[in-house]
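Residue indices begin at 1 and follow the sequence shown.
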Amino acid sequence: MYVPRLFALPADEIAPMVRANPFATLFTSGSLGPYATHVPLLLDGPDRLLGHVARANPHTADLEGPALAVFAGPHAFVSSRWYGVPADHVPTWNYVAVHATGTLRRLEDPLPVLAASMAAFQPEDPIPSGDTERDDLVRKLSAAVVAFELRVERWEGKAKLSQNRAPDDVERVRAALGDHEVAVWMGRR
């Protein structure tokens, strides 16, 4: 990912951004050629992501080897009309994104990944619940998925939030965005 220094997301903001936006696009380039699956990924430690896909998904053939997970954070269109001199600017897009590049590995037992995912994404109803009927259903469903881990070797984060604009223009963009999450991110800069 092209990340000019001005737009680099500080390392300490990468994990919170991933946790807040766990739905990623997982890319591989293996036997299927370039291939992508949209999937929630759980950050499990500083350099490990966990996920699972349906066993019927062709992507299961390429869950070993190099991969890229892209996390899209908040984003918003920025109109050139929002700048002090609109004729001097073109419209753009403000956004936050994180790329995790590393090595995929299939995991034998999907149940721990399902349990960790449910505990993180649905904490009010984690597994195992002690409800034998429900636990049997979850175990049955786990046979229909393939779990994997992505060992992250490189994190890249970008927060393009009008940092290259004059302070007055930044404030105009923030005001035009109102309570949009991008405006909140801009306020942190």
Open item on the list: So L161 and Y95, do their side chains get closer than 4.5 Å, heavy atoms only?
Closed with: no

Open item on the list: Check for me, please, whether L9 and F71 land in the same ILVMFWY cluster - side-chain distances under 4.5 Å, paths through other members count.
Closed with: yes

Task: Side-chain ion pair, R154 and E156, N-O less than 4.0 Å - done: yes

Pair up each side-chain donor or acceptor in residues 179-187 with any protein partner under 3.5 Å, not counting sequence neighbours, and list the distances.
unit_1	atom_1	unit_2	atom_2	d
H180	ND1	V182	N	3.0
H180	NE2	H75	O	3.3

TODO: For the pair S79 (side chain) and R81 (backbone), establish whether a donor and an acceptor sit closer than 3.5 Å, ignoring hydrogens and angles.
DONE: yes

Task: Check: R139 main-chain N/O paired with S142 side-chain donor or acceptor under 3.5 Å - done: yes

Task: Min side-chain heavy-atom separation L41-V39 under 4.5 Å - done: yes

- [ ] State which residues pass side chain to side chain contact (heavy atoms under 4.5 Å, CB included) with T103; sequence neighbours excluded, sorted by chain then number.
- [x] E153

- [ ] Hey, could you give me each pair passing ring pair (Phe, Tyr, Trp, His ring centres under 6.0 Å) that has a residue in residues 21-46? Not counting sequence neighbours.
- [x] Y35-H59

TODO: Without swapping roles, check the side chain of R55 against the backbone of V145 for a donor-acceptor pair under 3.5 Å.
DONE: yes

TODO: Tell me yes or no: between the side chains of K158 and Y2, is some donor less than 3.5 Å from an acceptor?
DONE: no

Open item on the list: If the threshold is 4.0 Å, N to carboxylate O, is there a salt bridge linking E149 and R151?
Closed with: yes

